[in-house]
Amino acid sequence: MGRTTLLYRTPGADTQGLDTPARRVLDLTDENSGISVYECAAHLGLPYPVVRLITAYLIERGTLTATAPPAPAALPDAQLLEVVLNGLRAL
């Protein structure tokens, strides 16, 4: 699991017996829109390795689902970037 792995809350997952840090991670997650492990760490003010352990535990118990981040979009055409750059310089 990497820093940009996206986390989703599993619908109807059992949250009984979770400690406070695990509940805080779950509060940041949603069933439809993902949040990265690194974002969770930043929001919670916890070190990334700690949040990684918490999320690994939640994934193992079926409370969270993890997916790879989306592939980066294709880079824009270099010629188009050159035209934009020249336009900005002309300002």
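Throughout, residue positions are numbered sequentially from 1 according to the sequence presented.
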| Members other than Leu6 in its cluster, when Ile, Leu, Val, Met, Phe, Trp, Tyr link by side-chain heavy atoms under 4.5 Å? |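 Leu6 clusters with Tyr8.
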
| side-chain hydrogen bond (donor to acceptor under 3.5 Å, both in side chains) evaluation trace for Thr10 with Thr63 | CA-CA 5 Å; Thr10 305; Thr63 311; over 6 Å; no

| message | Is there a continuous path of hydrophobic side-chain contacts, each under 4.5 Å between heavy atoms, that joins Val84 to Leu91? | response |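 Yes; Leu91 is reachable from Val84 via cluster members.
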
| said: Applying a strict under-4.5 Å side-chain criterion to I, L, V, M, F, W and Y, I'd like to know whether Leu46 and Tyr48 cluster together. | reply: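 Same cluster.
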
Less than 4.5 Å apart, any side-chain heavy atom of [X] and any of [Y]?
X: Glu31; Y: Thr65; result: no
X: Ile59; Y: Leu7; result: yes
X: Asp30; Y: Ile35; result: no

| For Val50 and Leu44, what are the C-alpha separation, side-chain angles and deciding distance, and is it a side-chain contact (heavy atoms from CB on, under 4.5 Å)? | CA-CA 11 Å; Val50 171; Leu44 298 174; over 6 Å; no

| request: Using the test side-chain hydrogen bond (donor to acceptor under 3.5 Å, both in side chains), find all partners of Arg3 that sit at least two apart in sequence or belong to another chain. | output: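 For Arg3 there are no side-chain hydrogen bond (donor to acceptor under 3.5 Å, both in side chains) partners, ignoring immediate neighbours.
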
| query | Are Thr4 and Ser36 linked by a side-chain donor-acceptor pair shorter than 3.5 Å? | reply |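 Distance-only check fails for Thr4 and Ser36.
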
| field | For Gln16 against Arg23, the heavy-atom pair lying closest together | value |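 So the minimum-distance heavy-atom pair works out to CA-NH2, 4.5 Å.
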
| Hey, mind stepping through Asn86 and Val83 against side-chain contact (heavy atoms from CB on, under 4.5 Å) and telling me if it holds? | CA-CA 5 Å; Asn86 289 337; Val83 169; 5.8 Å; no

